[in-house]
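Have a look at the structure below before the remarks.
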Amino acid sequence: MSCLDDETLDALVGGRLSGPELIRADAHLDGCAECRAMIVALTASERGGGTLSEASSAGPGARLGRFITLEPVGAGAMGVVYAAYDPKLDRRVALKLMRTDTDQDPARARERLLREARAMAQLAHPNVIAVYDVGTVGEAVFVAMELVEGQDLRRWCAAARRSWRELRDVYVQAAQGLAAAHAVGLVHRDFKPDNVIVGAHGRAQVGDFGLARAAPGPATADDEASLDAVPPTMTSTITGSGTLAGTPAYMAPEVLAGQPADARSDQCSLCIAFYEAVAGTHPYPASTMGELVMRIGAGRIEPPADRSVPGWLLEVLTRGMSRRPQERFANMDALLVALRRDQRLGTRVGAGVGSLVLVGATSGAFWLGQETHPAPAPCEQAPTVLAEVWNEASRAEVAAAFASASPSYGEATASTVQHAIDRWGTAWVEAHRSTCEATHVRGEQSESLLDLRMRCLRGQLQQLDA
């Protein structure tokens, strides 16, 4: 796409673009440094015709509240970001001037931005970009935030070949940031790799909690038709009156359908982004809204381009981006536990499923070849797999926990529980062996049914571990 013409640039700065035109312009700005610089320059000299009119005159040395602007560092359809100086605390900050003119009710949008920024200012977590202050200038809202030196997660992933463990470590940090926000009642609503900054020492920090889009509202039929005709990219931010707010490629299905976002929607967005990074392909590759909705509706996730990713990790991500929110993890903390599974158990827990791992969406699935280390015969693996979860160490932990809870009857209770788990384990091993032999020995069931049943057995083992 060629650079934006003067008329489009002027309309964008003046807040007169909306709908598909705004989408195309914002998508172009994502990849064009020259146009971003032009927007910053025009914004710095603009004197009227939009809700950023007063704020947009902020060149170097201008004062917004107690902050003094230094230089522009970024721009987009929703506002401008400056590096600024806080003389009160003698530190550099990032100063974001938020546009509110894309909403039908600017006063309501401005109040929401102020409310959410003030709530964010109360959240202190190492994996969340800190919000220091919030205020207004003219009809625009400005937010003073921590100035983080680093690159966004999308660029960090592209800068070098990252192993699945490196990616997992960074996305776990991002999930911790989201979990901290959820704990205080905040929902991100637009999680994507571009909203995570990775610093020089590998620390990931999530930003733009609810601050990068206009107030959400349900999409209309006309809106969906216009969005369906937009060809450039599904990673552009769609905002404006009556349109979807956020980035469609990372939206949860219910948000795409016009429902309000919640903590489970954030979980889904994170798992979509993580899957894209670790698998080397978006789970629902699409270039238009219609194609995206169709792929999600079909329930078929794109097979990973990188076959070295562990099957258990792909299953965790698949569950996290289930079409139905109730089928995802209960909360971000539960997802974090699942993402760290190999750190607790080692990577052999999933070996009992053989060399084929089924990874499916709610109503569809795909097959994935998985390399495995040398292992016992297929139908003799169950005791080894069970021992990864239920062994002498875990038995001792159970005994210690009950003894600590009740010195008087803890020992007897622990013994009862241990015997019950032993009986359950014996039945699980027999079910695993019988299921395996039904395909590989007796020939009574297909490979696909074998893997479905093995997936069920593996889920039971994960419940025991939990």
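Keep in mind that what you see is a predicted model, and the values were worked out from it rather than measured.
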Worksheet item: Among side-chain atoms of Asn331 and His182, is any donor-acceptor pair under 3.5 angstrom?
Response: no

Practice prompt. Find out whether the Lys NZ or Arg CZ of Arg458 is both under 6.0 angstrom from the six-membered ring centre of Trp312 and within 45° of the ring's axis.
Written response: no

Fill in: Side-chain donor/acceptor of Glu327 to backbone N/O of Ser322, under 3.5 Å
no

Item to complete: Mind telling me whether His432 and Trp428 have parallel, tilted or perpendicular rings, with 30° and 60° as the class edges?
Response: tilted

Practice prompt. Take atom CD of Glu411 as the centre, draw a 6.0 Å sphere, and report whether it contains more than 12 heavy atoms from other residues, nucleotides or ligands.
Written response: no

Worksheet item: Would a 4.5 Å heavy-atom cut-off, applied to side chains only, mark Glu276 and Lys192 as touching?
Response: no

Worksheet entry | Aromatic Phe329 / basic Arg319 pairing, under 6.0 angstrom, 45° off normal | yes

Worksheet item: Heavy atoms, side chains only, cut-off 4.5 Å: are Arg161 and Asp306 in contact?
Response: yes

Discussion item. Could you tell me if Glu302 and Tyr275 have a donor-acceptor pair between their side chains, going purely by distance under 3.5 Å?
Written reply: no

Fill in: Heavy-atom side-chain proximity of Arg189 to Pro260 below 4.5 angstrom
no

Practice prompt. Kindly give the heavy-atom pair with the smallest separation between Ala94 and Val81, and that separation in Å.
Written response: CB-CG1, 4.4 Å

Worksheet item: Less than 4.5 Å apart, any side-chain heavy atom of Phe402 and any of Thr416?
Response: no

Practice prompt. Measure the spacing between CD of Glu392 and CD of Glu397 and express it to the nearest 0.5 Å.
Written response: 12.0 Å

Worksheet item: Regarding Ser265 and Asp262, is there a side-chain donor-to-acceptor distance under 3.5 Å anywhere?
Response: yes

Worksheet item: Can you tell me how far the OH atom of Tyr250 sits from the CE atom of Met321, to the nearest 0.5 Å?
Response: 12.0 Å

Item to complete: Calculate, to the nearest 0.5 Å, the distance between atoms NE2 and CD belonging to His201 and Glu149 respectively.
Response: 11.5 Å

Worksheet item: Quick one: which of Leu339, Leu270, Leu336, Val278 gives a side chain to side chain contact (heavy atoms under 4.5 Å, CB included) with Tyr171?
Response: Leu270

Item to complete: Please tell me if the side chains of Asp333 and Val337 come closer than 4.5 Å, counting only heavy atoms from C-beta onward.
Response: no

Discussion item. Checking the side chain of Arg91 only, and the main-chain atoms of Asp86 only, is there a donor and an acceptor separated by less than 3.5 Å?
Written reply: no

Fill in: Exam field: side chain Arg340 to backbone Val172, donor-acceptor pair closer than 3.5 Å
no

Discussion item. Less than 4.5 Å apart, side chain to side chain, heavy atoms only: is that true for Met289 and Leu256?
Written reply: yes

Practice prompt. For the pair Asp133 (side chain) and Val143 (backbone), establish whether a donor and an acceptor sit closer than 3.5 Å, ignoring hydrogens and angles.
Written response: no

Worksheet item: Is it true that a side-chain atom of Ser394 and a backbone atom of Val389 form a donor plus acceptor pair closer than 3.5 Å?
Response: yes

Discussion item. Is it the case that the side chain of Asn195 and the backbone of Phe191 share a donor-acceptor pair, with hydrogens and angles ignored and the cut-off at 3.5 Å?
Written reply: no

Worksheet entry | Spacing of Ile296 atom CD1 and Ile272 atom CD1 [to the nearest 0.5 Å] | 6.0 Å

Worksheet item: Can you tell me how far the CG atom of Leu317 sits from the SG atom of Cys268, to the nearest 0.5 Å?
Response: 11.0 Å

Worksheet item: Can you tell me if Arg453 uses its side chain to pair, donor with acceptor, with the backbone of Thr435 under 3.5 Å?
Response: no

Fill in: Rounded distance [0.5 Å steps], CD1 in Ile421 versus NE2 in His419
11.5 Å

Worksheet entry | Side chains of Phe142 and Val134 in contact at under 4.5 Å (non-hydrogen atoms) | no

Fill in: Whether Arg433 side chain and Ala382 backbone form a donor-acceptor pair below 3.5 Å
no

Worksheet item: Under 3.5 Å, is there a donor-acceptor pair between the side chain of Gln418 and the main chain of Arg395?
Response: yes

Item to complete: Measure from the side-chain N and O atoms of His188 to the backbone N and O of Gly207, and report whether any donor-acceptor pair falls under 3.5 Å.
Response: yes

